[in-house]
Amino acid sequence: MPEWHDELNDRQLEAVTYKDGPLLILAGAGSGKTRALTYRIAHLIYERGVAPYQILAITFTNKAAAEMKERVGQLLGLDAPEVWVSTFHSTCARILRREAAHVGYGRDFAIYDTADQRELVRDILAELRWDAKKFPPPAFLAAISTAKNELLRPEEFARRAAARSGDAWAERTARVFRSYQRQLERNNAMDFDDLIANVVRLFEEHPDVLAAYQRRFLHVLVDEYQDTNHAQYRLVRALAAAHRNITVVGDDDQSIYAFRGADTRNILEFERDYPDAHVVKLEQNYRSTVTVLQAANSLVGHNDMRKPKELWTENEQGEPLRYYQATDQRDEAAHLAYSLAGLRQQGEALGDCVVLYRTNAQSRLVEEALTHFGLPYQVVGGLRFYDRKEIKDLIAYMRLVLNPADAVSLHRVINVPRRGVGPATWARLVQLSEDEALPILDAMGRMAQEGTGLPGPTRQALRDLSAVIGELRAASETARPDDVLEALLESTGYRRELEQENTMEAAGRLDNLDELARLAGEHAVGAEDPSLRGFLEQVALVSDIDSMDDEATDRVVLMTMHTAKGLEFDNVFLIGLDETVFPHERSFGTKREIEEERRLCYVALTRARRRLFLSSATMRIGFRGESEPLMPSRFLAELPPHLVQVIGRGGRAAGHLGSAQLARQMAAGGAIGRRARPVVSWQDAAAAGQMAADAVTVARGAGAPRATGPAAMTEQDLPGPGEKVRHSKWGEGTVVSVAKRPDPADSEITVAFPGLGIKRLVAGFARLEKLS
DNA sequence: GTTGATAATCTTTTT
DNA sequence: GATTATCAAC
């Protein structure tokens with residue numbers, strides 16, 4: 001036995017070394033489930049003589065895939081073991097390209113993301129003259145996605161809808177579904193659901209193809225099995241049907257993707273599907289302190305629809321959870337910043353701290369607070385790099401080079417930069433493409449050639465565009481993605497337009513495009529499929545977490561609780577524990593949804609190795625300046641009260657959550673420790689927060705706290721309107737206005753930098769140098 | 001027909 | 001507080 005068997009406990013060893021056949025690993029949070037899977041792969045190769053390329057491992061994210069592959073390599077002493085480790089979507093995309101002939105799609109099909117899907121549905125609604133407000137595209141897309149997960153085609157869906165006559169909504173959906181699918185096919189494009197569904201169909205309709213993959217993959221392993229949907233379930237079932245060497249790992253308490261079709265029955269009924277399945281439960285937690293684990297167990301125990309299990313640990317008791325009830329969300333963010341500063345004072349690395357929230361929008365105030373108090377951070381998710389306008393534009397151009405039928409992409413860029421192409425010209429183009437059954441790009445070529453009724457400049461611009469893409473297309477099979485990108489940037493005039501704009505915003509976009517070029521170049525030399533095709537596929541299927549760099553840069557990480565799945569940190573800050581925020585008001589409808597929110601909370605709590613900081617606010621300030629009251633989240637009441645220390649506004653411990661007095665105070669909606677008062681500026685927040693940070697630090701005897709805030713200033717240090725100043729990064733500029741604050745360091749100075757634009761700066765941070 | 005500017009309208013979670 | 005619908009001018 002290789003020495004790494006010593007690193008496993010008995011249960012883990014049982015899972016890792018189990019003989020062939022169906023195996024279910026039910027594992028709690030922090031019990032090392034991905035680790036068990038990784039070691040099992042290594043074991044299969046090392047001990048059982050399975051060839052690496054005969055193993056298929058499916059993970060939840062590309063990042064997890066990369067890590068697992070690397071780890072298997074380390075265990076075996078190999079650089080790049082040929083194990084196929086990949087996500088469902090990447091796996092399916094690869095299979096579909098390989099088997100394109102059987103699927104009825106060109107192998108250069110595009111992969112449409114949510115935005116592309118919405119675009120298609122919007123067009124369909126416009127054509128049907130249905131009001132997009134009364135019938136929002138996302139509602140149709142959700143219904144279509146559900147249907148696709150059940151492997152329903154539009155015709156079958158329509159038949160069922162018609163059978164239930166009177167269901168007007170289903171009939172409408174059926175119409176949209178049919179047009180939507182027809183458009184996708186016309187555009188030679190698939191959405192995320194098609195990637196899976198088309199492989200399932202391929203396997204079910206071509207037994208010979210399936211048999212070839214069954215022979216190829218002697219072992220199939222799936223991580224995060226509780227988050228698979230029905231189509232994925234059928235895919236796995238088909239692949240494993242012949243040899244039944246299937247290993248799945250999951251935890252029903254961590255199922256948080258039901259909203260996109262994940263079905264926990266897949267894991268709960270595994271033993272029904274495979275009566276000879278061997279089941280291994282991993283219940284020892286290696287990650288968290290006793291306190292963290294007790295809190296999480298107590299919370300998730302309030303769910304009815306679950307398999308009871310109780311995690312335990314040999315780790316130390318640890319510190320109590322800390323809960324701060326802020327007056328409003330600004331106060332909450334400020335307190336968070338000061339707690340972080342306090343932790344840093346104690347010698348904790350910011351890189352070991354994470355801030356988790358329910359919705360991406362909540363990151364904004366946190367970012368403002370962290371910036372204001374000078375704490376470095378990294379946001380994961382939200383606006384993905386690939387979601388930025390300029391990036392999407394260039395991706396659209398690149399997609400067109402590969403796939404001339406991609407109408408969504410052409411529509412996006414046909415008038416960027418301006419070519420004098422508006423809605424009327426576009427409508428004619430679509431008409432021509434449909435009448436002549438031409439790919440949209442060819443239709444454009446013909447229209448520019450014949451040019452009937454087009455304004456001269458428009459016609460010339462379209463002709464140029466057509467030539468540019470045509471040339472690149474001719475070379476697309478062998479060209480490097482970074483070269484294609486560079487050629488497009490130049491010859492479409494995209495770069496020139498941005499350069500001429502000469503604003504800071506345009507400069508930022510150019511930077512982003514440079515970054516895209518860097519990524520494309522990296523892909524060209526390092527990737528398995530270095531082609532343009534491979535690059536675009538990668539771009540469509542990476543998630544934001546995949547690109548999170550875990551280099552030892554010392555900064556706080558901000559992300560949603562969903563994104564945090566599978567990760568762990570020493571210190572976890574959970575903000576926004578308010579009813580309607582978390583649990584989110586949109587989940588109030590059914591018990592099922594509330595239980596999913598509770599599982600999400602469970603996932604969030606169990607990310608923590610050592611400390612948990614919770615906070616909520618008593619009111620929220622809407623954007624019209626109106627304040628609405630908030631109630632503390634029900635999840636707070638579901639934690640063992642004696643484990644939760646309540647921190648007052650002055651930073652002192654006010655007692656435990658269970659004390660009757662605190663409970664009354666909270667029920668009355670009052671912030672604890674001091675009378676509730678809205679915090680309108682970071683100045684106010686700083687005053688309250690500083691006290692909190694002092695108290696935390698003093699309580700731990702860690703010496704005097706040092707504010708990470710702005711440099712001290714007097715009113716005389718402030719420049720006046722019209723004065724010239726120098727900024728370390730942006731150079732010389734002229735002061736437009738100064739908004740004074742009680743502390744001059746907090747004042748906001750608006751400065752115009754010639755050629756760069758107008759920038760608002762906080763006096764204490766910007767360290768502006770007066771020139772006059 | 002196209003462009004630029006103003007007005008209205010929301011805000012879950014994601015491969 | 002950012003994206004999208006609508007409208008008036010070019």
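FYI, side chains are in, hydrogens and waters are out, and symmetry mates aren't considered; it's all heavy atoms of this structure.
At the heavy-atom level, A:N360 lies under 4.0 Å from the strands shown only through sugar-phosphate atoms. Looking at heavy-atom distances under 4.0 Å, A:Y257 makes contact with sugar-phosphate atoms alone, never a base. A:A424 comes within contact range of the sugar-phosphate backbone alone, with a heavy-atom separation under 4.0 Å but no base atom that close.
Computed from coordinates, the A:F582 CZ to B:dT13 C1' distance equals 10 Å when rounded to whole Å. As rounded to whole Å, 16 Å separates atom C1' of B:dT13 from atom CG of A:L141. As rounded to whole Å, 11 Å separates atom C1' of B:dT13 from atom CD of A:Q362. Across the protein-nucleic acid pair, A:I414 atom CD1 and B:dG1 atom P stand 15 Å apart, rounded to whole Å. For A:R364 and B:dC10, the CZ to P distance is 19 Å, given to the nearest whole Å. Separating the NZ atom of A:K565 from the C1' atom of B:dT13 is a distance of 12 Å, rounded to the nearest angstrom. Look at NE2 on A:H89: it is 10 Å from P on B:dT15, rounded to the nearest Å. Distance A:F259 CZ to B:dT14 C1': 5 Å, rounded to the nearest Å.
A donor-acceptor contact shorter than 3.5 Å is absent between the side chain of A:T458 and the backbone of A:L454. Within the 3.5 Å criterion, the main-chain N or O of A:N188 finds a donor-acceptor partner in the side chain of A:N403. Of the possible polar contacts, one joining the A:N415 side chain to the A:G420 backbone as a donor-acceptor pair under 3.5 Å is found.
OP1 and OP2 of B:dT13 both lie 4.0 Å or more from every side-chain N or O belonging to A:R358. The side chain of A:T425 places an N or O atom within less than 4.0 Å of a non-bridging phosphate oxygen (OP1 or OP2) of B:dT2. Neither OP1 nor OP2 of B:dT15 sits under 4.0 Å from any side-chain N or O of A:T114.
Distance from the side chain of A:T560 is smallest to B:dT13 among B:dT12, B:dT15, B:dT13. Of the candidate nucleotides C:dG1, B:dT15, B:dT11, B:dT15 has the atom nearest to the side chain of A:R260.
Of the two residues near DNA chain B, A:W426 and A:D193, the one whose nearest nucleotide lies more 5' is A:W426.
Per the stacking criterion (ring centres < 5.5 Å, plane angle < 30°), A:H584 stacks onto the base of B:dT12.
One side chain, A:Y112 or A:D406, offers a donor N or O that lies under 3.5 Å from an acceptor on the other.
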Can you pull every protein N or O that's under 3.5 Å from an N or O on nucleotides 3-7 of chain B?
residue, atom, partner, partner atom, Å
B:dT3, OP1, A:G420, N, 3.3
B:dT3, OP2, A:N415, ND2, 2.9
B:dG4, OP2, A:R418, NH1, 3.1

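Checked against side-chain contact (heavy atoms from CB on, under 4.5 Å), A:V430 has the following partners two or more places apart in sequence or in another chain: A:W426, A:E434, A:I440.
A salt bridge links A:R94 to A:E528: at least one charged side-chain nitrogen sits closer than 4.0 Å to a carboxylate oxygen. By the 4.0 Å N-to-carboxylate-O rule, A:D223 lies too far from A:K33 to be salt-bridged with it.
Nucleotides B:dT13 and C:dT4 have their P atoms positioned 16 Å apart, rounded to a whole Å.
No more than 12 heavy-atom neighbours from other residues, nucleotides or ligands sit within 6.0 angstrom of CZ on A:R265.
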